[in-house]
Amino acid sequence: MAIRTESAPAAAQALDLHSPKWIFLQLLESCNLRCKMCFEWGENGSYKEKPELKKLDISVVKRIIEECKETRPYYELYGGEPLLYPWIDEVLELIHTTGSKAHFPTNGTLLERHAEMIMAFPPERIWVSLDGPEEINDAQRGAGVFRKAMNGIRKLYELREAMGSEYPKIGISTTVTPTNYKHLERFYFESVDLAMLDCLSVELQQYVTRERYDHYAGVLREHFDIAAAPIARGFIADPAQFAEVDAAELCRQLKRIERYCAEHGMYFNAYPKVISEENIRHYFNAEWSKVTNMKKRCVFPWISTEVNARGEVTSCHNFYDLTLGNVNELSLKEIWNGTKYKQYRDYLRKQLFSICPGCCLYYNEKPR
């Protein structure tokens, strides 16, 4: 899915603002892994503080899909781990029957078990999160994760080919961290069978500095009457932890992966979009204003919305602290066109949140 990220007002004028074009659904908060870099369940993950884990009621999910079916939005299904959601099959079926398309990421450990279910109403694209060769990946994500995920990819690929189906497109998504950055080349060209894959995505680890987090929390208090920002706190990291990353070596590996995909007709996604030694260094040094494609505004508040597992609506996948309404109380369209959303958009017409540049997706002109 390609969406041109023009300046937000220009994009807004070209779109029907009465309904979002891109809907993220966090189906549940639970996950079966504890990946070290994860802002939800990792070393600094805020979800470990939750006294109770929630999931969206299937009736709410169905109501959202029915309500928005006329505009046929794209759906991104998230967790936690979305394949843990008890009604994932019903969600995929309803999205399919209403003429929309779905994408979802997965850690891959449940993919083999659910491959036949997925093929009944296949999403357009599935991203399997893997971060390196077996020993590197499992050091970040847990023992045995690599083999389970690869078995799942193989099962899904074989079923798709046997059925003669175009979908789902199968991709691997990799988060670059100080632990795995030296091993990307070996991972993609020695550890996985690229013939089973249609797309690759590599993104630099998202993070925010303590200073930017504190500023953001202050903005929420002053402008939006929100007392705390525990979710965003899970992204806090000291740029010093990335000091060992060799930007030149990482750039060389990413360029080789990019060339391979271009030569073999595979879709390649990089976050930030422009791969260069300078961009990598600036990003990991928290010198975000120097990264290519740094913009004054973000288009997402005008085109996309997200409903988290508690029914709370926001505009950004990563930062759930700013709640604009709850679908257990109002319809999604009522929230989308409501006073709080307008206040939120009005603020972002004038300035970014201080945490926005810490999102590597922000530097991509065509997010997918």
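This is a predicted model, so every value here is computed, not measured. We use all heavy atoms of the structure for the numbers below, so side chains are in, but hydrogens, waters and symmetry mates are not.
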Check for me, please, whether I275 and W288 land in the same ILVMFWY cluster - side-chain distances under 4.5 Å, paths through other members count.
yes
Does any part of the side chain of I118, heavy atoms only, come nearer than 4.5 Å to the side chain of P123, both counted from C-beta?
yes
Any donor-acceptor N/O pair, T98 side chain to I95 backbone, under 3.5 Å:
yes
Side chains of Y271 and N269 only: does a donor on one sit below 3.5 Å from an acceptor on the other?
yes
Measuring from T292:OG1 to K273:NZ, what's the distance to the nearest 0.5 Å?
11.0 Å
Residues L332 and I23: closest non-hydrogen pair is CD2-CD1, 4.0 Å
Distance col, row E203:CD vs C359:SG, nearest 0.5 angstrom, shows 8.0 Å
Do Q205 and V176 come within less than 4.5 Å of each other through their side chains, counting heavy atoms only?
no
Within the 4.5 Å heavy-atom criterion, are P230 and D321 side-chain neighbours or not?
yes
Looking at Q351, I want to see if its CD is surrounded by more than 12 non-hydrogen atoms of other residues, nucleotides or ligands under 6.0 Å.
yes
Grab the two heavy atoms, one from I236 and one from R210, that are nearest each other, plus how far apart they are.
CD1-CZ, 3.6 Å
For the atom pair CH2 (W127) and CG (L200), what is the distance rounded to the nearest 0.5 Å?
7.0 Å
Identify which one of Q343, K350, K342 satisfies the side-chain contact (heavy atoms from CB on, under 4.5 Å) criterion when paired with D346.
K342
Check R281 with E277, please: is the shortest side-chain N to carboxylate O separation under 4.0 Å?
yes
For the residue pair F300 and W22, does the interplanar ring angle fall in the parallel (under 30°), tilted (30 to 60°) or perpendicular (over 60°) class?
tilted
Short N-O contact, E258 and K255, less than 4.0 angstrom:
yes
Which distance, rounded to the nearest 0.5 Å, do you find between the CZ of R186 and the CD of Q253?
10.0 Å
Working to the nearest 0.5 angstrom, can you tell me the gap between R72 CZ and I65 CD1?
14.0 Å
What I want to check is whether the side chains of Y344 and T314 have a donor and an acceptor closer together than 3.5 Å.
no
Test log, rule side chain to side chain contact (heavy atoms under 4.5 Å, CB included), inputs V291 and N293:
CA-CA 6 Å; V291 178; N293 290 344; over 6 Å; no
Will you find, in the side chains of H215 and R212, an N or O donor that is under 3.5 Å from an N or O acceptor?
no
Measure the shortest side-chain to side-chain distance between L83 and N107 over non-hydrogen atoms and say whether it is less than 4.5 angstrom.
no
One thing to verify: whether E161 and R154 come together as a salt bridge, which I'm taking to mean a side-chain N less than 4.0 angstrom from a carboxylate O.
no
Note: R252-E185 ion pair, threshold 4.0 Å (strictly below)
yes
Donor-acceptor pair between Y320 and E306 side chains, under 3.5 angstrom:
yes
May I ask you to test the L184-L250 pair for a side-chain heavy-atom distance under 4.5 Å?
yes
ILVMFWY network linking F187 to Y181, side-chain heavy atoms under 4.5 angstrom:
yes
Pairwise side-chain contact, Y78 with P105, heavy-atom cut-off 4.5 Å (strictly under)
yes
Walk me through whether E116 and L159 qualify under side chain to side chain contact (heavy atoms under 4.5 Å, CB included).
CA-CA 7 Å; E116 293 177 350; L159 283 174; 3.7 Å; yes
Do side-chain atoms of D198 reach the backbone of G171 as a donor and acceptor pair under 3.5 angstrom?
no
Can you check whether Y341 reaches S315 side chain to side chain, under 4.5 Å on heavy atoms?
yes
Does the separation of the ring centres of F242 and Y207 fall below 6.0 angstrom?
yes
Donor + acceptor pair across side chains of T174, D131 (<3.5 Å)
no
Test side chain to side chain contact (heavy atoms under 4.5 Å, CB included) on I153 and L130 and set out the steps.
CA-CA 11 Å; I153 290 173; L130 287 168; 4.3 Å; yes
Would the distance check show the side chain of D193 and the main-chain N or O of A195 forming a donor-acceptor pair, the cut-off being under 3.5 Å?
yes
List the atom of I335, the atom of N326, and the distance in Å for their closest heavy-atom pair.
CD1-N, 3.4 Å
In terms of hydrophobic clustering (I, L, V, M, F, W, Y; side-chain heavy atoms under 4.5 Å; direct or indirect links), are I136 and I257 co-clustered?
no
Any donor-acceptor N/O pair, N308 side chain to Q26 backbone, under 3.5 Å
no
Pair R147 + E134: basic N to acidic O under 4.0 Å:
yes
Rounded at 0.5 Å granularity, tell me how far OG in S173 sits from CZ in R125.
11.5 Å
Look at atom NZ of K155 and say whether more than 12 heavy atoms of other residues, nucleotides or ligands are closer to it than 6.0 Å.
yes
Closest approach of R160 and E166, non-hydrogen atoms and distance?
CD-O, 4.1 Å
What one should report as the nearest heavy-atom pair of T209 and P239 is CG2-CG, 3.9 Å
Using modelled atom types and a 3.5 Å cut-off, is there a donor and acceptor pairing between side-chain atoms of D246 and backbone atoms of E249?
yes
In the structure I gave you, are the side-chain heavy atoms of E90 and I58 within less than 4.5 Å of one another anywhere?
yes
Go through the structure and list residues passing ring pair (Phe, Tyr, Trp, His ring centres under 6.0 Å) with F189, not counting sequence neighbours.
Y260
Do the charged groups of R63 and E66 touch, with an N to O distance under 4.0 Å?
no
Quick one: do Q140 and T177 satisfy side-chain hydrogen bond (donor to acceptor under 3.5 Å, both in side chains)? Show the steps, please.
CA-CA 9 Å; Q140 290 195 161; T177 70; 2.3 Å; yes
K54 NZ: over 12 foreign heavy atoms closer than 6.0 Å:
no
Of all the heavy-atom pairs spanning E67 and K333, show the shortest one and how long it is.
OE2-N, 2.9 Å
How about H223 and Y347: are their ring centroids closer than 6.0 Å?
yes
Kindly work out whether a path of hydrophobic side-chain contacts (I/L/V/M/F/W/Y, heavy atoms less than 4.5 Å apart) joins V91 to M117.
yes
Run Y74 and H103 through side chain to side chain contact (heavy atoms under 4.5 Å, CB included) and show every step you take.
CA-CA 8 Å; Y74 273 85; H103 296 186; 4.2 Å; yes
Tell me yes or no: between the side chains of Y216 and D214, is some donor less than 3.5 Å from an acceptor?
no
In this structure, would V274 and Y283 fall into the same cluster of hydrophobic residues linked by side-chain contacts under 4.5 Å?
no
